[in-house]
Undergrad: 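Please read through the structure below; I'll follow up with questions.
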Amino acid sequence: MSEEAVGDAADATDGPTGPAVRRLADWTAPDLRGLAAEHGTPLYVTDLDRVRENAIRLRRAFDAGDEDGDADVRYAVKAHTGRAVLRTVREAGLGAECASAGEVVRALDAGFEGREVQYTAVNPPSGDLDIVLDRWRDGADLTVVAGAADTLDRLRSRGFDGRLAVRVNPGVGAGHHEKVTTGGHAKFGVPYDRVPGLLADARADFDVVGIHAHAGSGISGDDLDAHRELVARMGELAREVGDLEFVDVGGGFGVPYREAEPPLDIAAVADATREALGEVDAVLAVEPGRYVVADAGVLLTRVNTVKEGGGDESGVVAGVDAGMTTLLRPAMYDAYHAIRNLAADGRAELPVTVAGPVCETADLFCEERPLPTPERGDLLALGNAGAYGYEMASTYNSRPRPAEVVLEGGTARLARERESLDALTALEGDR
Ligand SMILES: *Cc1c(COP(=O)(O)O)cnc(C)c1O
């Protein structure tokens, strides 16, 4: 275990764990303006050095109080599947938690060993099982997490006898929005009381290695009670069933989307997690996605239209070239993302509604938020865009997906090209 302080906001401002949070204001405006000028907008910018800091801070927090220093941190790949991010996370010592065959393939192709990959199969399409088990037959000793007796049957019938964990429905959920609260919903996992019986059955056919639960996304300081309750239930279950390699209590660690919100004290969350779990003869595993990548990314978008707001207030609407197809979270979850005008120095603030180009009323990044008076051509940055940003991008309205630049060690490189109009119709050909 390392000598260094554990993810502590007060003293970890430099070194491999970095500050506890990176705010939108901490990004260097001239650098971002330069990237937008070179690569166009909308543009995602992802700082791999920050991804690494977040990953290391997590590992240190969870390893610190663990006697063997071997708590397992698995990055929930779905938050950002870019190859450069996956490589960075792997180098930082995290595993890969995958939600689909596509993510499993990406993780393996990015260099994760099979043993480091976990596939959590929620109502898995047959094609997904086939692809994942092909990789397993090719020697990837990955772990499959099954959330239904049906899934076990389908794994059996495909000849799988490898590493298996069971997803538990713990009956408690947490999260920043009902759409991301998964813990208590019947869609996810095997009901708590049925798990011991199911596991006993499963041991005959599989190498049963763990139990797994995920409460939802957006665990904050206030939500810690729900998290504790889930972890305590998992601890109880682990003691009841015995003979497990790990107890995976999920991800969902929140990040401060609002500028004044304090960052999660990840060391305190880790302490609370270990305490709630109690004595178990198994490794504690967590699988955060958002926490690793959210504040490592910004979305850059250019103002193309400025017009009167039309509301009661004397605000304006700023039309921009990114929209719900670029960053879906505001439209889907009413999510708040900080917005900074990278052009404006000393301009007066007024209520600004930032709106995308998509023909949907939900296509707004903010409504009447106090921001510097926008002008056509201004470059805006949206903060915390590294998690569930590019991942949720779509081509609705025939809008090609944006480009992505990654930063590492002071250099920038294009990691994903901007999608072309031709690519949008490539699957149709001239049919
Ligand atoms: C989405 C998800 C995670 C990660 O959630 P975050 O809020 O990004 O930390 C972890 N585990 C499972 C099973 C998930 O579905």
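Since we're looking at a predicted model, the values are computed, not measured. As the structure lists them, so they are numbered: ligands from 1, and atoms in each ligand from 1.
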Undergrad: At the 4.0 Å heavy-atom cut-off, does P288 count as touching ligand 1?
TA: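 Flag set, P288 near ligand 1.
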Undergrad: Using a 4.0 Å cutoff against the non-hydrogen atoms of E97, which atoms of ligand 1 qualify?
TA: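 Under 4.0 Å from E97, ligand 1 has these atoms: 13 (C).
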Undergrad: Is any NZ, NE, NH1 or NH2 atom of the basic residue among D109 and R135 found under 4.0 Å from an Asp or Glu carboxylate oxygen of the other?
TA: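 Between R135 and D109 there is a salt bridge, with a charged N closer than 4.0 Å to a carboxylate O.
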Undergrad: Taking distance alone, with N or O pairs closer than 3.5 Å, would you say A76 contacts ligand 1?
TA: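 Checking ligand 1 against A76, no N or O pair falls under 3.5 Å apart.
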Undergrad: Hey, does R290 come in under 3.5 Å of ligand 1, counting only N/O atoms on both sides?
TA: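 Among all N and O atoms of R290, at least one is under 3.5 Å from an N or O of ligand 1.
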Undergrad: To the nearest 0.5 Å, tell me how far Y192 OH sits from N169 CG.
TA: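 Interatomic distance, Y192 OH to N169 CG, rounded to 0.5 Å: 11.5 Å.
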Undergrad: Name the option, out of Q118, H80, E287, that contains the heavy atom nearest to atom 12 (C) of ligand 1.
TA: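 The option holding the nearest heavy atom is E287.
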Undergrad: With respect to E367, which candidate in V317, V352, T353 satisfies the side chain to side chain contact (heavy atoms under 4.5 Å, CB included) definition?
TA: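 One option only clears the test, and that one is T353.
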Undergrad: May I ask you to check if ligand 1 and Y388 share an N or O to N or O distance below 3.5 Å?
TA: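 Yes; at least one N/O pair falls below 3.5 Å.
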Undergrad: I'd like to check whether G252 has a polar contact with ligand 1, where a contact means an N/O of the residue lying under 3.5 Å from an N/O of the ligand.
TA: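 Among all N and O atoms of G252, at least one is under 3.5 Å from an N or O of ligand 1.
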Undergrad: With a 3.5 Å cut-off and no angle check, do the side chains of D378 and N341 form a donor-acceptor pair?
TA: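 A pair is found: one side chain offers a donor N or O, the other an acceptor, under 3.5 Å apart.
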Undergrad: Would you say H212 and ligand 1 have an N/O pair spaced under 3.5 Å apart?
TA: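 No; the residue has no nitrogen or oxygen that sits under 3.5 Å from a nitrogen or oxygen of the ligand.
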Undergrad: Please name the pair of heavy atoms, one in R106 and one in L86, separated by the smallest distance, quoted to 0.1 Å.
TA: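 Nearest heavy atoms, R106 then L86: O-CD1, 3.9 Å.
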Undergrad: In terms of atom number and element, which parts of ligand 1 are under 4.0 angstrom from non-hydrogen atoms of G289?
TA: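 Every atom of ligand 1 under 4.0 Å from some heavy atom of G289: 4 (C), 6 (P), 8 (O), 9 (O).
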Undergrad: Can you tell me how far NE2 of H212 sits from CE of M234, rounded to the nearest 0.5 angstrom?
TA: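 Rounded to the nearest 0.5 Å, the CE-NE2 separation comes out at 8.0 Å.
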Undergrad: Which atoms of ligand 1 have any heavy atom of R167 under 4.0 Å away?
TA: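 Every atom of ligand 1 under 4.0 Å from some heavy atom of R167: 13 (C).
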Undergrad: Which pairs with one or both residues in residues 240-253 pass side chain to side chain donor-acceptor pair (under 3.5 Å), sequence neighbours excluded?
TA: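 Found R74-D248, Q118-D248, R163-E245.
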Undergrad: Determine which pairs satisfy ring pair (Phe, Tyr, Trp, His ring centres under 6.0 Å) with at least one residue from residues 84-123, sequence neighbours left out, and list them in order.
TA: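 Matches after skipping sequence neighbours: none remain.
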Undergrad: Can you confirm, on distance only, whether ligand 1 has an N/O atom lying under 3.5 Å from any N/O atom belonging to K78?
TA: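 Yes, at least one N or O pair falls under 3.5 Å.
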